[in-house]
Each structure stands twice: as structure tokens, then as C-alpha cells.
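Keep in mind that this is a model prediction, so the values were computed, not measured. Counting from 1, the numbers follow the sequence of the chain as shown.
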Amino acid sequence: MAPCLNAWKYSGFKNALPIRTGKTYSLVMTKLLEKALEAVRRLPPDSQDQIALAMLSLSGNEGEPEEVDPAHLPAVLEGLAQAKRRQFATDADVEAAFRRFEQ
């Protein structure tokens, strides 16, 4: 085991996540991240997995691509084509979509 990971394992930090900084790992996690992870631990497994995928995506470490349901593939491809053409929803479109969920 690499020395930096040994230090993490025996550092006494409970639930610490190693953060890559150059060639070593930092053992520091912000209080806000600790609070968020505690909240996620109380969620059902499916919700935890969705949040984990979002975190990995945001950190640039997505792992394996998620499979697209064949029934949704045409819509996904159209959305990618629209993004390539820089055709995005307006603020009004997004607000209208969210209002539909409030009803």
C-alpha cells in the first residue's frame, strides 16, 4: 500500500475521503461536505446511488457511462444535437417546466 494511503488508513480520521493534491492525498473534508454525506447516509439506497453518480460526475470521475434506455435514445440524441447547435431552453421554458411539477 502506498505511504500516503497508509497515513490515511491509520490517521484516526473517521469517514475521511482522500483528496488528490499532486502526488499525495489530503485528509481534510469540509464541514459542509461532512454534513451533506451524513444527510445522504439517511436516504434510501437508490437515492444514495443517484447522489453518488452526480458527485462522481461533478468531480470528473464518472466511471462507466450509464446505459440509455433504447426507448429514450432518440430523445437523448436530439438533446445532444440541440446542445451542439447551442439551442438551449430559455429561463421562461425552465420555469414553466418546474411549475408543472408543483401542480
Side-chain angles (χ1 to χ4, degrees):
M1 183 178 289
C4 59
L5 293 179
N6 256 345
W8 172 63
K9 182 178 177 183
Y10 298 108
S11 65
F13 281 95
K14 185 176 182 186
N15 299 323
L17 295 176
I19 302 168
R20 181 85 192 227
T21 56
K23 294 184 179 186
T24 62
Y25 288 88
S26 171
L27 301 177
V28 179
M29 185 186 315
T30 67
K31 295 290 181 190
L32 182 58
L33 183 55
E34 287 178 6
K35 184 177 180 179
L37 290 175
E38 280 302 317
V40 171
R41 283 186 183 99
R42 293 188 294 269
L43 296 174
D46 287 348
S47 297
Q48 289 182 19
D49 285 348
Q50 289 176 358
I51 292 169
L53 288 172
M55 290 175 67
L56 290 170
S57 177
L58 289 170
S59 70
N61 187 13
E62 293 101 24
E64 293 297 317
E66 195 169 324
E67 284 193 37
V68 175
D69 183 327
H72 298 161
L73 186 58
V76 170
L77 293 175
E78 175 57 26
L80 291 172
Q82 289 172 345
K84 191 172 187 175
R85 295 189 303 265
R86 306 209 40 84
Q87 293 178 315
F88 301 104
T90 66
D91 289 344
D93 292 335
V94 173
E95 287 177 25
F98 278 114
R99 277 196 298 275
R100 286 194 303 253
F101 290 107
E102 293 173 355
Q103 299 173 3

Exercise for the section: Could you pull out the closest heavy-atom pair between A71 and P74, with the gap in Å? Expected result: O-CD, 3.8 Å
Problem - Partner set under side-chain contact (heavy atoms from CB on, under 4.5 Å) for L32, not counting sequence neighbours - result: T30
Exercise for the section: Please answer: with hydrophobic residues joined when any side-chain heavy atoms are less than 4.5 Å apart, are V76 and L53 in the same cluster? Expected result: no
Practice task
Measure the CG-CE distance between L37 and M55 for me, rounded to the nearest 0.5 Å.
Solution key: 5.0 Å
Identify all side-chain donor-acceptor contacts of residues 91-101 below 3.5 Å with residues at least two apart in sequence or on another chain.
{"from": "D93", "atom 1": "OD2", "to": "T90", "atom 2": "N", "distance (Å)": "3.2"}
{"from": "D93", "atom 1": "OD2", "to": "T90", "atom 2": "OG1", "distance (Å)": "3.1"}

Problem - Qualifying residues under side-chain hydrogen bond (donor to acceptor under 3.5 Å, both in side chains), relative to Q87, sequence neighbours excluded - result: R85
Exercise for the section: With sequence neighbours excluded, tell me which residues meet side-chain contact (heavy atoms from CB on, under 4.5 Å) with R42. Expected result: E38, A39
Practice task
Give every residue pair that meets the side-chain hydrogen bond (donor to acceptor under 3.5 Å, both in side chains) criterion with at least one member in residues 45-54, sequence neighbours excluded.
Solution key: none
